[in-house]
2 protein chains.
Amino acid sequence: MGDKRLTNNLIQELKRGTLTLSVLLMSGQPTYGYSLVTELQDAGIDVEQNTLYPLLRRLESQGLLQSSWDMGDSRPRKYYSVTDIGRKTAVLLGEEWRRINKVMSELMSGLMNGEERK
Amino acid sequence: MGDKRLTNNLIQELKRGTLTLSVLLMSGQPTYGYSLVTELQDAGIDVEQNTLYPLLRRLESQGLLQSSWDMGDSRPRKYYSVTDIGRKTAVLLGEEWRRINKVMSELMSGLMNGEERK
DNA sequence: CACAATACTGTATAACATACAGTATTGTCA
DNA sequence: TGACAATACTGTATGTTATACAGTATTGTG
């Protein structure tokens, strides 16, 4: 595996669950896929349609999101919004993220500063 | 899929790459698998042998770790230590982690406080 | 001596990101 | 008006990786 490919895979693994959490958080208000790509981009999260749409569908099948077609504007859009379970899950994931972040920060500041191993 | 199972999967995805980074950081000094399980546990990262050993082997096959058998003590141990590439990769992953964390923190503080959508 | 602790190997499975390949319709501009 | 871009979505296949499962062997302890 080439270096760049390996590095990309490792980075992807590092941020793997953050997209799910981001989407759940952003779906607190109804939103549609194409718009979500833009908002995520604005937030610093690069995601492509071919990743986002299967994710939306998966989260819906898992009961965390619900969808409805809106035919109002010039073109139809499928709006997604978070379910109660999805909202609760987002809160829980947020707490878990903070916990992980705390652990990693301590680990990184301890070891990258050359701290002694016990 | 049961709720608990789904939640566990989501959490696991959230922390998926952090184990790799943790192991790379802790392998700055030679360490063996069984001891690593303990140290990770102490650091707040629960991992089982059946997860860690395949990870160590994979990282070695990818050139990020190297290993050597030590027959010195009462029982043989396979020590792993980070390669140059592995060290560089850990630095890079650490920076990426900080970037991801920044993005997620802003996103979470913005949205979980009920901030308006643009 | 039986069992726990120490230390590791190997294979299969589940889950998910994303690559790939589309589809359809509206909007823009020459 | 027609070609192309933008908008918006569906569907399938592939690659990667955590971890479940099932061991193995040896030392240490009561």
Side-chain angles (χ1 to χ4, degrees), chain A residues 1-2 5-24 30-41 45-62 64-65 67-80 93 100, chain B residues 1-2 5-24 30-41 45-62 64-65 67-80 93 100:
Chain A
M1 198 187 296
R5 179 87 167 273
L6 172 60
T7 302
N8 283 345
N9 281 349
L10 291 171
I11 289 174
Q12 198 275 321
E13 293 298 328
L14 199 53
K15 64 187 186 184
R16 194 172 168 111
T18 57
L19 179 59
T20 305
L21 178 52
S22 306
V23 167
L24 286 177
T31 184
Y32 61 95
Y34 194 84
S35 168
L36 208 43
V37 169
T38 305
E39 292 181 50
L40 286 163
Q41 209 114 348
I45 302 173
D46 286 349
V47 61
E48 300 203 25
Q49 295 194 5
N50 56 27
T51 293
L52 183 62
Y53 281 108
L55 173 60
L56 290 173
R57 291 195 296 256
R58 175 164 65 83
L59 291 177
E60 185 177 20
S61 74
Q62 288 169 342
L64 302 182
L65 293 183
S67 67
S68 57
W69 281 100
D70 177 33
M71 317 302 261
D73 281 5
S74 58
R75 67 178 60 225
R77 292 187 181 119
K78 188 164 185 179
Y79 277 84
Y80 289 89
L93 290 180
I100 295 166
Chain B
M1 196 189 295
R5 180 90 166 272
L6 172 60
T7 302
N8 284 344
N9 280 348
L10 291 171
I11 289 174
Q12 196 275 320
E13 294 297 326
L14 198 54
K15 65 186 185 185
R16 192 171 172 113
T18 56
L19 180 58
T20 305
L21 178 54
S22 306
V23 167
L24 286 178
T31 184
Y32 60 95
Y34 194 84
S35 169
L36 208 43
V37 169
T38 306
E39 290 181 51
L40 286 163
Q41 210 115 347
I45 302 171
D46 287 348
V47 61
E48 300 200 27
Q49 294 193 5
N50 56 27
T51 294
L52 183 63
Y53 282 105
L55 174 60
L56 290 172
R57 291 194 296 254
R58 176 165 64 81
L59 292 178
E60 185 176 19
S61 73
Q62 289 169 341
L64 303 182
L65 294 183
S67 68
S68 58
W69 282 99
D70 177 31
M71 318 302 265
D73 280 7
S74 58
R75 66 178 62 223
R77 292 188 181 117
K78 188 166 186 177
Y79 278 82
Y80 289 89
L93 289 180
I100 295 168

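Predicted model only: the values in this text are computed from it and were never measured. Keep in mind that the numbers below use all heavy atoms, side chains included, and drop hydrogens, waters and symmetry copies.
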Review point. Among dA5(C), dA20(D), dG11(D), which is the nearest nucleotide to the side chain of Glu48(B)?
Key: dA20(D)

Study note, to complete from the structure: Here the distance between atom C1' of dA15(C) and atom CG of Leu19(A), to the nearest Å, is 15 Å

Practice item. Look at all strands and tell whether Thr51(A) reaches a base, only sugar-phosphate, or nothing, counting heavy atoms closer than 4.0 Å. Key: base

Practice item. Would you indicate what Gln49(A) reaches in the nucleic acid, counting non-hydrogen atoms under 4.0 angstrom: base, sugar-phosphate, or nothing? Key: base

Practice item. Nearest whole angstrom, please: distance from the P of dC20(C) to the CG of Leu52(A). Key: 19 Å

**Study point:** Given dT19(D), dA17(C), dT16(D), the nucleotide with the shortest approach to the side chain of Arg58(A)
**Key:** dA17(C)

Check your understanding: Reckon Arg75(B) touches a base, only the sugar-phosphate, or nothing at all at heavy-atom distances under 4.0 Å?
Key -> base

Check your understanding: Taking the side chain as C-beta and beyond, is there a heavy-atom pair between Tyr80(B) and Glu60(B) under 4.5 Å?
Key -> yes

**Study point:** Residue Tyr53(B), side-chain heavy atoms: nucleotide from dT27(D), dC9(D), dT9(C) that is nearest
**Key:** dT9(C)

Exercise for review: Determine whether Tyr34(A) and Gln49(A) make a side-chain contact, defined as any pair of heavy atoms from C-beta on separated by less than 4.5 Å.
Suggested key: yes

Point to revise | Minimum-distance nucleotide to Ser74(B) side chain [options: dA8(D), dG28(D), dT19(D)] | key: dG28(D)

Review point. When all nucleic acid strands are considered with a 4.0 Å heavy-atom cut-off, which category describes Thr20(A): base, sugar-phosphate, or nothing?
Key: sugar-phosphate

Review point. Expressed in angstrom and rounded to an integer, what is the separation of Asp73(A) atom CG from dA6(D) atom C1'?
Key: 15 Å

